[in-house]
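Since the structure comes first, as structure tokens, the remarks are kept for the end.
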Amino acid sequence: MDIKIASSILCCDFLHLSNEIEKLENSDGVDYIHLDIMDGNFVPNLSFGPYISELIAKNFSVPIETHLMVSNPIKFVEKFYFSHSIIFHIESNDCPMEVIDRIKFLDMKVGIAINPETSFEKMIDYIDYLDIILVMTVSPGFGGQKFLDSQINKIKDIKSYVMKNHKNVSIGVDGGINSVTSQSCIDAGATNLVVGSFLNGAKDISSACHQLIGDF
């Protein structure tokens, strides 16, 4: 099984952000840099915007995965043109197909994130157009939260649906991912791990990546 790791920089030391990302880039195991874009509206927090994100994309070679935790994500898509992929929330107040079409028009991969309280069925109509479904295993908006075990069954349900209906879409998880919870998620069917504090606080990032994946 090919497991991908996306390192969220939300918990990085922003006074030394360049050094932090360089350590991630030079590690063995980080496939993407995950950018959590928060607007203080869709989620009750602010993070950073296109300017810092574009600097990261221009100065580092690791592909960028942009996670739009924003209202009206269609307004932001073109600002993150440099991304490998853009993930937006099914709960946002835009028409999902319009956002999907805009992302694909700009030749980026597209994903939909679903919050813990949102049922998987809400985004079934869009699954044929997606590259990834991102299951939020914490409430979005803040790093360092505890993993919600209740989301394991959702991951299993999505995996079952994908397999039964022969859908070509990856299943990702985001929130509270560490060497223990990652195994539960992978067992349930996840192939993409968004990881924050577990990697940012590791002395040896390559070793931490190996712990996340284990024998998979």
Side-chain angles (χ1 to χ4, degrees), residues 1-36 47 53 56-57 59-67 83-87 109 111 113-114 116 130-140 142-160 162-163 168-216:
M1 186 184 297
D2 186 19
I3 308 297
K4 300 293 185 182
I5 296 176
S7 180
S8 169
I9 64 169
L10 193 61
C11 297
C12 282
D13 178 359
F14 271 71
L15 286 178
H16 304 93
L17 185 57
S18 180
N19 292 335
E20 297 274 276
I21 297 175
E22 186 175 3
K23 287 190 291 185
L24 295 169
E25 182 178 50
N26 292 333
S27 69
D28 180 21
V30 174
D31 298 288
Y32 306 101
I33 297 297
H34 185 91
L35 304 182
D36 293 296
S47 56
S53 302
I56 294 170
N59 287 278
F60 297 93
S61 60
V62 185
I64 300 297
E65 180 177 86
T66 296
H67 182 181
S83 305
H84 169 272
S85 55
I86 290 183
I87 300 167
K109 302 290 186 181
I114 48 177
L130 302 178
D131 297 291
I132 185 170
I133 299 167
L134 186 65
V135 177
M136 297 302 299
T137 44
V138 298
S139 296
F142 296 91
Q145 296 183 64
K146 184 180 179 181
F147 181 87
L148 296 173
D149 293 313
S150 59
Q151 298 308 295
I152 291 294
N153 284 335
K154 183 185 291 182
I155 299 167
K156 290 180 179 178
D157 289 343
I158 296 172
K159 179 65 174 180
S160 176
V162 167
M163 295 296 291
N168 184 26
V169 60
S170 299
I171 302 171
V173 289
D174 183 357
I177 303 300
N178 55 39
S179 58
V180 175
T181 58
S182 64
Q183 301 302 303
S184 298
C185 291
I186 293 171
D187 287 341
T191 58
N192 293 55
L193 311 174
V194 177
V195 188
S197 54
F198 182 77
L199 288 182
N200 298 146
K203 292 183 178 179
D204 186 333
I205 295 173
S206 297
S207 176
C209 287
H210 179 73
Q211 293 175 48
L212 288 166
I213 295 175
D215 295 327
F216 291 95

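For the pair Pro63 and Asp31, the minimum side-chain heavy-atom distance is 4.5 Å or more. Within the 4.5 Å cutoff, no side-chain heavy atoms of Ser85 are placed close to those of Ile132. Side-chain contact between Ser7 and Asn200: present, with at least one pair of heavy atoms (C-beta onward) separated by less than 4.5 Å. Between Ile152 and Cys185 there is a side-chain heavy-atom pair separated by less than 4.5 Å. Taking the side chain as every heavy atom from C-beta outward, Ile87 and Asp174 never approach each other to under 4.5 Å. Leu24 has its side chain out of reach of Val62: every pair of non-hydrogen atoms, C-beta onward, lies at least 4.5 Å apart. Between Met136 and His67, the closest side-chain pair of non-hydrogen atoms falls below 4.5 Å.
With sequence neighbours excluded, the residues forming a ring-ring contact (aromatic ring centres under 6.0 Å, His included) with Phe14 are Phe48, listed by chain and number. Under the salt bridge (Lys or Arg N to Asp or Glu O under 4.0 Å) criterion, Lys109 pairs with no residue at all, not counting sequence neighbours.
Few gaps surround CG on Asp13; more than 12 heavy atoms of other groups in view lie less than 6.0 Å from it.
The closest donor-acceptor contact from the side chain of Ser206 to the backbone of Asp28 lies under 3.5 Å.
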Would you check, one step at a time, whether the test side-chain contact (heavy atoms from CB on, under 4.5 Å) holds for Leu212 with Phe198?
CA-CA 9 Å; Leu212 288 166; Phe198 182 77; 3.7 Å; yes
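Side-chain polar atoms of Asn178 and Thr181 form a donor-acceptor pair below 3.5 angstrom.
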